Amino acid sequence: MSFAHLRAQMLRRKPLAEIDDEPADEQLARHLGLWQLTAIGVGGIIGAGIFTLAGSVAHSVTGPAVLISFLIAGVASAAAALCYAEFAGMIPKAGSAYTYGYVSLGEIGGWFIGWDLLLEYIAVAAVVAIGVSGYFGFLLDQVGVTLPAWMLGAPGTGEGHRVDLFAVLFCLGTAWLLSRGIRSVGRFETFAVGLKVALVLLIVVLGVFHIDSANYHPYFPFGVSAVWTGAATVFFAVFGYDAMSTAAEESTDGRKYLPRAIIYSLGIAMVLYVLATLVLTGMQKYTEISPTSGFATAFESVGMPGVANILAVGAIVGIVTVVLTFMLGVTRVWFAMSRDGLLPAWFAKTHPTRKVPTRVTWIVGVAAAILAGVLPINTVAELTNIGILMAFIVVCAAVIVLRRTRPDAPRSFRLPLMPLVPLVGIGFSAYLIWSLPWQTWVRFLGWLVVGLIVYFTYSRRHSVLDRAPVPPR
């Protein structure tokens with residue numbers, strides 16, 4: 001094979017004109033409306049960021065200025081969100097960043113980001129499942145239930161720990177719910193997210209009466225530059241809409257609803273983050289905020305210990321929706337890659353009546369369960385940020401490319417200030433990636449090497465685009 005032919009294979013693009021012409025037996029059921037999509041987005045964004053991360057960053061990194069860190073991270077995330085919104089209005093298909101990259105940057109670009117997201121989304125689901133397990137253990141302790149040490153955590157996380165059984169069961173239970181069909185998922189997400197938002201508002205309403213303005217001084221105890229370090233840390237808490245966009249093909253009107261759902265979900269989440277951090281740092285001096293259970297200890301400090309149990313229940317509900325959103329995301333990326341021939345078509349088969357990719361769903365559930373059950377949370381967490389940030393860079397770059405190569409393509413939403421907005425997204429994501437430890441880079445590059453081996457030995461020869469001449473775009 002000549003280098004020119006190999007290069008042509010790597011750079012061939014999924015035709016934008018044929019993006020809706022998928023095989024009938026490989027299509028997903030369309031049941032998600034605007035508010036169900038928004039609920040899935042909010043469910044993916046709000047979780048550990050409010051219930052754990054805000055207190056941890058305030059205590060050790062920024063002090064009361066954690067609010068500024070969330071705003072900075074929110075602005076950077078919004079730049080990427082607007083790019084996702086433009087693509088979602090053009091290409092309402094399963095796969096999100098993978099499909100966007102395939103259409104605009106070519107097959108190797110799409111493969112790169114799709115392979116990346118397979119690992120990252122599974123890792124996010126595993127990380128959050130471990131967090132759910134911790135809160136569940138806290139609730140059992142509160143009612144006097146003592147469980148054997150072997151089932152309470154991964155090896156090395158505590159004396160006698162062998163497996164985090166709750167995290168394992170939770171991942172498998174989430175896979176079961178996803179296998180029941182997207183209508184069931186949409187209903188559950190809408191209910192759970194409504195409950196979560198109500199809980200955050202309850203925290204704000206109860207806490208605002210106990211704010212002491214003296215706790216806001218000094219506002220920058222670690223220096224102004226610390227808010228940037230804080231922003232890099234809390235960035236983990238302000239994405240999730242990207243996983244929601246993988247459900248585009250299951251929307252009743254993806255071109256119309258997806259751009260709005262992406263913007264609405266990030267906007268709702270940022271308002272809640274700002275209100276919650278304002279109350280948290282106002283109720284208690286930053287030096288006294290618990291890094292692991294900030295709101296619980298804050299309410300205990302003002303004579304309201306009963307709120308802690310309510311917060312634990314709310315945290316479980318809140319974090320559950322994050323796992324569901326990211327497991328939904330990875331199954332749809334995998335499904336889209338298999339339908340395009342880059343992975344075996346066996347994975348793209350959907351349930352005959354529920355029209356969901358059940359094979360992939362259970363594989364993802366088992367993989368997440370293994371990661372969550374036997375690895376410490378920090379080890380799994382290190383697998384996540386670099387991949388998500390890479391996806392943001394690809395999407396932001398791709399939207400610039402497609403504006404130049406297909407300016408005439410219909411867009412239900414056009415992001416403003418082109419190319420400034422996507423360049424902000426690229427710059428901030430690159431800065432955060434540069435700040436990650438070298439071990440994260442080694443793991444990430446190792447996964448990409450495996451992916452390149454799979455691509456050159458299987459994917460490029462089985463690609464749907466390799467089976468017939470590609471029509472003009």
Side-chain angles (χ1 to χ4, degrees), residues 32-55 66-67 70-71 73-74 77-78 81 124 128 131-132 135-136 139 174 177 184-211 234 236-245 247 251 257-258 260-283 293-296 298-299 304 306-329:
L32 301 177
L34 172 60
W35 295 111
Q36 288 174 315
L37 286 168
T38 302
I40 293 174
V42 174
I45 299 171
I46 297 179
I50 281 182
F51 297 108
T52 301
L53 202 56
V66 65
L67 185 152
F70 270 103
L71 289 176
S77 186
V124 171
V128 180
V132 173
Y135 277 105
F136 192 68
L139 282 179
T174 303
L177 178 59
S184 298
V185 172
R187 288 172 177 170
F188 176 82
E189 282 273 24
T190 302
F191 166 77
V193 168
L195 186 61
K196 175 164 59 175
V197 171
L199 177 68
V200 175
L201 292 176
L202 177 64
I203 290 172
V204 172
V205 171
L206 292 177
V208 73
F209 295 104
H210 299 278
I211 289 178
V234 303
F236 182 85
V238 294
F239 61 80
Y241 55 80
D242 54 310
M244 176 267 285
S245 67
S251 168
Y257 293 150
L258 268 172
R260 288 154 62 181
I262 289 171
I263 295 169
Y264 289 171
S265 60
L266 182 59
I268 291 169
M270 288 309 303
V271 169
L272 294 177
Y273 276 139
V274 167
L275 292 175
T277 54
L278 191 64
V279 167
L280 176 62
T281 54
M283 289 178 67
S293 55
F295 279 104
F299 278 103
M304 301 176 69
V307 177
N309 291 339
I310 299 176
L311 291 176
V313 174
I316 291 175
V317 173
I319 296 175
V320 161
T321 62
V322 179
V323 180
L324 188 60
T325 297
F326 279 96
M327 284 185 64
L328 172 70

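Along the sequence shown, residues carry numbers from 1. Owing to the predicted nature of the structure, the values given are computational and were not obtained by experimental measurement.
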- Atom OG1 in T277, atom CG in L67: separation rounded to 0.5 Å? 4.0 Å
- Message: Between L201 and L272, is the side-chain contact (heavy atoms from CB on, under 4.5 Å) condition met? List the steps.
- Response: CA-CA 8 Å; L201 292 176; L272 294 177; 3.8 Å; yes
- Message: I need the F209 CZ to M283 CE distance, nearest 0.5 Å.
- Response: 12.0 Å
- Message: Closer than 3.5 angstrom, by distance alone: can the side chain of E189 be matched with the main-chain N or O of G186 as a donor-acceptor pair?
- Response: no
- Message: Tell me the closest heavy-atom pair linking M304 and H210, and the distance in Å.
- Response: SD-NE2, 3.5 Å
- Item | Nearest-0.5 Å distance, CE of residue M244 to OG1 of residue T38 | 6.5 Å
- Message: What I'd like to find out is whether the side chain of I203 reaches to under 4.5 Å of the side chain of F299, using heavy atoms alone.
- Response: yes
- Under the 3.5 angstrom rule, does the side chain of T325 hit a backbone N or O of I40 as a donor-acceptor pair? yes
- Message: Using the rule side-chain contact (heavy atoms from CB on, under 4.5 Å), only one of L199, L195, V193 pairs with V197; which is it?
- Response: V193
- Donor-acceptor contact present, side-chain Y241 to main-chain S77, <3.5 Å: yes
- Task: Supply the atom-to-atom distance F188 CZ to T174 OG1, rounded to the nearest 0.5 angstrom.
- Result: 8.0 Å
- Message: To check you understand the geometry: which heavy-atom pair defines the closest contact between I45 and A269, and what is its length?
- Response: CG2-CB, 3.5 Å
- Task: Please round to the nearest 0.5 Å and tell me the distance separating atom CG of L280 and atom CD1 of I211.
- Result: 10.0 Å
- Item | Spacing of T321 atom OG1 and I46 atom CD1 [to the nearest 0.5 Å] | 8.5 Å
- So, do L34 and Y264 sit near enough that their side-chain heavy atoms are less than 4.5 Å apart? yes
- Nearest heavy atoms of L266 and A81, plus distance in Å: CD2-CB, 3.8 Å
